[in-house]
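Structure, as structure tokens:
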Amino acid sequence: MTSFGFLGLGIMGKAMAVNLVKAGFDVTVWNRNPEKTTELVALGAKQGTTPKDVAAQCDITFAMVSDPAAALAICQGPDGVAAGIGEGRGYIDMSTVDDTTSTLIAQTIAQAGGRFLEAPVSGTKKPAEDGTLIILAAGDKSLYDDALPAFDVMGKMAPYLGEIGQGANMKLVVNMMMGGMLSIFSEGMSLGQKAGLQGEQILEVIAAGAITNPMFTGKGAMLLAENYTTSFPLKHMQKDMRLAVALGDKLDLPLPTAAIANESFKQAIKAGYADEDIVAIYKVVK
Ligand code: NAP
């Protein structure tokens with residue numbers, strides 16, 4: 001049986017690793033703060049000591065960490081994945097990063113003899129728990145094929161998108177639109193209520209019409225309840241907006257709407273909401 005490693009047990013990584021363990025796979029976990037491995041070990045996972053150790057022990061190692069700096073930190077250096085991966089083993093980074101970071105990681109792994117796939121995900125905490133993520137894979141096709149049994153457990157679809165960078169780019173497209181939508185949604189909800197409309201009625205009207213979508217429904221209920229319990233940390237959404245705007249710069253494509261939404265998320269971080277859910281952007285708008 002293929003053995004799997006899992007690095008990074010935050011909101012998403014923990015739920016994804018739990019599903020792999022519950023599906024009966026042989027899983028070794030590692031997290032920078034080792035306390036987060038306790039629940040996984042209790043469920044039957046093995047504990048790895050470093051990313052290098054996990055990559056050396058497992059046929060395929062997954063990672064799910066915060067941002068480009070974290071993704072590079074666990075890959076490079078004497079204790080990094082590249083130092084342990086060896087010939088033929090696989091590394092799949094599921095963190096949301098930009099194509100430049102992903103390309104650098106791909107080169108580092110290839111130089112060490114390993115195979116690399118990027119596979120960021122669309123979907124938040126609940127889809128991660130339910131195993132219904134959308135997995136956006138690109139890179140080594142043989143590794144993609146080998147990882148499909150794990151993708152089946154973690155997600156509801158896993159399109160193969162081609163060359164390294166295309167998974168990262170697809171993810172940034174989706175999240176850039178999500179951040180922009182959430183920003184204008186917060187403004188609409190604020191404007192309507194300031195004008196004397198009932199928040200619930202605004203949501204009902206939206207839900208019945210052409211602009212309805214699951215995010216407005218889910219985040220709308222949270223927003224009215226002033227419930228900012230973290231499912232997707234706001235700081236990570238700002239990181240995604242920043243990376244999408246930078247991709248626009250690189251491709252010489254103006255993205256004025258995304259750039260303004262990025263500024264709203266930066267304001268929310270400045271106001272102290274970095275670790276709250278993305279819906280906390282509403283607090284700075286209202
Ligand atoms: P999170 O709860 O903040 O977890 C972040 C993880 O990254 C933790 O395990 C953390 O370790 C680790 N980490 C951070 N910096 C590190 C470093 N320098 N070295 C090693 N490990 C480091 O974040 P999350 O919500 O699970 O998100 C993880 C990734 O998935 C992000 O790229 C995010 O954009 C993406 N994503 C999130 C969602 C969502 O809804 N939450 C949805 C889709 C995609 P410690 O525990 O030691 O801090």
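When every heavy atom of Pro149 is checked against every heavy atom of Phe25, the shortest pair comes out as O-CZ, 3.9 Å. Contact between Thr230 and Asp277 at its shortest, heavy atoms only, is OG1-N, 3.6 Å. Smallest separation of non-hydrogen atoms from Asn31 and Leu9: OD1-N, 2.7 Å. For the pair Ala244 and Met176, the tightest heavy-atom approach, listed with the atom from each and the gap, is CB-CB, 3.7 Å. Nearest heavy atoms, Ser190 versus Tyr282: OG-CE1, 3.4 Å. Summarising the geometry of Ala56 relative to Arg89, their closest heavy-atom pair is O-CZ, 3.4 Å, with the distance given to 0.1 Å.
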Exercise for the section: Walk me through it: do Glu263 and Lys266 pass the test salt bridge (charged side-chain N to carboxylate O under 4.0 Å, His left out)? Expected result: CA-CA 5 Å; Glu263 295 303 318; Lys266 281 162 66 180; 3.1 Å; yes

Handout entry: Verdict with reasoning, Asp99 to Lys250, per salt bridge (charged side-chain N to carboxylate O under 4.0 Å, His left out)
Key = CA-CA 11 Å; Asp99 62 340; Lys250 195 165 95 176; 2.9 Å; yes

Practice task
Please test Lys46 against Val29 for side chain to side chain contact (heavy atoms under 4.5 Å, CB included), starting from the C-alpha separation and ending with a verdict.
Solution key: CA-CA 6 Å; Lys46 296 173 201 154; Val29 295; over 6 Å; no

Practice task
List the steps, then state whether salt bridge (charged side-chain N to carboxylate O under 4.0 Å, His left out) holds for Glu226 with Lys286.
Solution key: CA-CA 12 Å; Glu226 307 223 16; Lys286 78 168 185 165; 3.2 Å; yes

Practice task
Please assess Lys219 against Leu182 for the test side chain to side chain contact (heavy atoms under 4.5 Å, CB included), listing each intermediate value before the final yes or no.
Solution key: CA-CA 8 Å; Lys219 297 299 182 193; Leu182 194 58; 4.2 Å; yes

Taking only distance into account, with no hydrogens and no angle test, what donor-acceptor pairs under 3.5 Å do side-chain atoms of residues 111-123 form with protein atoms, sequence neighbours excluded?
{"from": "Arg115", "atom 1": "NE", "to": "Gly88", "atom 2": "O", "distance (Å)": "3.0"}
{"from": "Arg115", "atom 1": "NH1", "to": "Ser142", "atom 2": "OG", "distance (Å)": "2.8"}
{"from": "Arg115", "atom 1": "NH1", "to": "Asp146", "atom 2": "OD2", "distance (Å)": "3.0"}
{"from": "Arg115", "atom 1": "NH2", "to": "Gly88", "atom 2": "O", "distance (Å)": "3.4"}
{"from": "Arg115", "atom 1": "NH2", "to": "Asp146", "atom 2": "OD2", "distance (Å)": "3.0"}
{"from": "Glu118", "atom 1": "OE1", "to": "Ser102", "atom 2": "OG", "distance (Å)": "2.3"}
{"from": "Glu118", "atom 1": "OE1", "to": "Gly165", "atom 2": "N", "distance (Å)": "3.2"}
{"from": "Glu118", "atom 1": "OE2", "to": "Gly165", "atom 2": "N", "distance (Å)": "2.7"}
{"from": "Glu118", "atom 1": "OE2", "to": "Gln166", "atom 2": "N", "distance (Å)": "3.2"}
{"from": "Glu118", "atom 1": "OE2", "to": "Gly167", "atom 2": "N", "distance (Å)": "2.7"}
{"from": "Glu118", "atom 1": "OE2", "to": "Ala168", "atom 2": "N", "distance (Å)": "3.1"}

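Separating the OG1 atom in Thr96 from the NZ atom in Lys239 is a distance of 4.5 Å, to the nearest 0.5 Å. Note: Asn19 CG to Asp152 CG = 12.5 Å, rounded to the nearest 0.5 Å. Rounding to the nearest 0.5 Å places CD1 of Ile164 at 11.5 Å from CG of Leu104.
In this structure, Lys283 is positioned above the aromatic face of Tyr228, its NZ or CZ under 6.0 Å from the six-membered ring centre and within 45° of the axis.
Hydrophobic cluster membership of Met157, counting Ile, Leu, Val, Met, Phe, Trp and Tyr whose side-chain heavy atoms lie under 4.5 Å apart directly or via other members: Ile134, Leu136, Leu161, Met170.
For Thr132 and Asp130, the side-chain atoms include no donor-acceptor pair closer than 3.5 Å.
With Lys235 as reference, Asp275 is the one residue of Asp240, Asp275, Asp67 to meet the salt bridge (Lys or Arg N to Asp or Glu O under 4.0 Å) rule.
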